[in-house]
Number of protein chains: 2
Amino acid sequence: MPSSRPLRSDARRNREAVLTSAREAFLAGEPGIRVEEIARRAGVAVGTIYRHFDTREALVEEVYRHEVDELCAAPAALLDEHAPDEALRRFLLLLVEHAAVGKGMSVALEAIMATDSPVFGDARARMAQALDLLLGAGAASGAVRGDVNGRTLLRALGGVCGMRATDGWQDEAVRITGLLFDGLRFGAADAAPTAVTH
Amino acid sequence: MPSSRPLRSDARRNREAVLTSAREAFLAGEPGIRVEEIARRAGVAVGTIYRHFDTREALVEEVYRHEVDELCAAPAALLDEHAPDEALRRFLLLLVEHAAVGKGMSVALEAIMATDSPVFGDARARMAQALDLLLGAGAASGAVRGDVNGRTLLRALGGVCGMRATDGWQDEAVRITGLLFDGLRFGAADAAPTAVTH
DNA sequence: CCGTTTCCGGAATCAGGTTCATCTTACTGG
DNA sequence: CCAGTAAGATGAACCTGATTCCGGAAACGG
């Protein structure tokens with residue numbers, strides 16, 4: 001019996017309340033919020049949180065699963081409407097944008113992309129797959145070199161997401177993204193370098 | 001009076017012992033070692049560590065200051081013996097190599113490059129300056145684009161250093177480095193893309 | 001050798017995450 | 001509508017680790 005019976009009503013309600021409180025806290029820029037405080041805001045006791053999530057990290061992962069799903073769905077949609085290289089470029093910028101949404105998301109993206117945290121293993125794999133889709137299409141059309149895979153690019157992007165809070169970080173993030181984008185096209189296309197501010 | 005009188009002999013000895021124990025532990029692959037354990041190995045009490053270092057992080061920083069100095073001195077030496085773009089390429093590879101020396105160094109490099117930790121503010125600034133030297137020379141010779149600064153590149157490299165422990169991570173690190181290198185030359189040179197395995 | 005000053009030791013304190021024995025509550029069949 | 005029971009909730013206690021702090025010990029200057 002893989003999935004036991006559905007959650008009891010109060011359990012479902014509490015679970016939702018915890019996720020909501022956690023999400024709000026993270027997006028509000030307090031990624032380090034204590035478990036006890038999340039519980040307080042959700043109107044439950046800490047024990048309740050641990051009934052639903054194995055560990056604090058597991059809760060964090062759950063909070064961001066939705067965002068990750070959204071991000072992973074983007075490549076297919078972008079390829080529908082744009083040439084492979086343009087789709088790739090847009091996706092990279094999308095990542096930066098998402099990192100900009102809030103410190104919390106940025107922290108999660110960084111953990112997904114730049115670490116080996118087993119907690120985000122699943123998210124990482126899906127993300128790499130999404131990138132593979134773009135890179136494959138780009139390589140097939142000859143606009144992108146074929147010797148880089150999603151996992152590698154994901155790694156390379158890790159640094160971009162760890163830089164919120166710096167003065168003017170968003171410009172810098174766009175610049176780094178452009179750098180990687182150009183690196184990906186190096187020797188595969190005849191386009192001019194991406195405009196990178198002045 | 002900026003610098004008070006020299007440390008008492010036993011103080012100097014203990015300080016050294018602590019740094020040595022910490023360095024050995026980090027290089028041996030236990031970056032998370034407890035302060036108490038560092039103290040034990042150095043033959044002192046925890047209080048002694050806190051007399052010399054404000055915080056655990058401060059101790060870590062001190063341990064790596066030497067390595068950082070070494071790394072920061074490299075650009076000038078490389079420019080003496082190689083063309084600007086080749087010097088840049090070699091320096092990027094040198095970073096990967098250093099990250100490979102041990103998990104500890106890798107952790108520190110990552111903290112320096114990819115975060116805003118005030119602890120490494122100094123190291124970060126010096127590193128960015130070192131990269132500026134290389135980028136400036138490259139731009140002047142026309143081999144590298146002129147719109148990227150050291151700080152930005154440092155950020156981009158952050159991800160590379162957070163990937164130890166993955167299977168085959170070193171190859172991947174070299175690949176990412178090559179990607180960035182090519183991105184830096186995009187539109188500025190006529191060379192072929194860096195060989196990046198396949 | 002004595003008075004000072006600087007250090008050292010290590011138990012106590014603090015901070016957060018995690019656990020667990022006990023009390024509640026939602027669902028169930030009758 | 002009600003008792004029985006399993007699922008859920010609680011929150012004080014526990015654990016791990018960093019940091020603090022108050023005597024006691026050691027070095028230095030004379």
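Lettering of chains follows the sequences in order, A, B, ..., and the numbering in each one begins at 1. For clarity, every value in this text was computed on a predicted model and none was experimentally measured.
In this structure, of dT18(C), dT6(C), dG9(C), it is dT18(C) that holds the atom nearest to the side chain of T55(A). With dA26(D), dT20(D), dT10(D) as the choices, the nucleotide that has an atom nearest any side-chain atom of T48(A) turns out to be dT10(D). Listed candidates were dA26(C), dG10(C), dA9(D). Nearest to the side chain of S9(A) is dA26(C). Among dA18(D), dT25(C), dC28(D), the nucleotide with an atom closest to any side-chain atom of D10(A) is dT25(C).
The distance between atom CD of E57(B) and atom P of dA18(D), rounded to the nearest whole Å, is 12 Å. Whole-Å rounding puts the F53(A) CZ to dG17(C) C1' distance at 16 Å. A straight line from CD1 of I38(B) to P of dG17(D) spans 12 Å, rounded to a whole angstrom. Between E37(B) atom CD and dG10(C) atom P there is a gap of 15 Å when expressed in whole angstrom units. Separating the CZ atom of R13(B) from the P atom of dT6(C) is a distance of 18 Å, rounded to the nearest angstrom. Between I49(B) atom CD1 and dC21(D) atom C1' the separation is 16 Å, expressed in whole Å. The nearest whole Å value for the distance from the CD atom in E30(B) to the C1' atom in dG17(D) is 16 Å. Rounded to whole Å, the distance from CD on E36(B) to P on dT20(D) is 16 Å.
Residue H52(B) places at least one side-chain N or O under 4.0 Å from the OP1 or OP2 atom of dC8(C). In this structure, Y50(A) reaches the dT18(C) phosphate: one of its side-chain N or O atoms is under 4.0 Å from OP1 or OP2. Phosphate contact (OP1/OP2 of dA9(D), side-chain N/O of N14(A), threshold under 4.0 Å): present. For dG8(D), one of the phosphate oxygens OP1 or OP2 lies less than 4.0 angstrom from a side-chain nitrogen or oxygen of R51(A).
The nearest heavy atom of DNA chain D to I33(B) and to G47(A) marks one nucleotide each, and the one closer to the 5' end goes with G47(A).
Although no hydrogens or angles enter the test, the distance criterion places no donor-acceptor pair under 3.5 Å between the side chain of R15(B) and the main chain of F53(B).
Inter-residue side-chain proximity for L59(A) and I38(A) is flagged as met; some heavy-atom pair is nearer than 4.5 Å. Within the 4.5 Å cutoff, the side chain of L88(A) has no heavy atoms near those of the R185(A) side chain. Between L133(A) and Q129(A), every side-chain heavy-atom pair lies at or beyond the 4.5 Å cut-off. Counting heavy atoms from C-beta outward, R124(A) and R151(A) have side chains that approach closer than 4.5 Å.
Here V46(B) lies in heavy-atom contact (under 4.0 Å) with a base.
Using cut-offs of 30° and 60° for the angle between ring planes, the F186(A) and F186(B) rings count as perpendicular.
Atom CD1 of I49(A) sits about 9.5 Å away from atom CG of L19(A), to the nearest 0.5 Å.
For dA18(D), its base never sits under 3.5 Å from the side chain of R34(B) at any donor and acceptor pair. No hydrogens or angles were tested; on distance alone, nothing pairs the side chain of R56(B) with the base of dA18(D) as donor and acceptor under 3.5 Å.
Contacts of residues 15-24 of chain B with DNA chain C (heavy atom under 4.0 Å): none.
Under the 4.0 Å criterion applied to side-chain N and carboxylate O atoms, E86(B) and R90(B) are assigned as salt-bridge partners.
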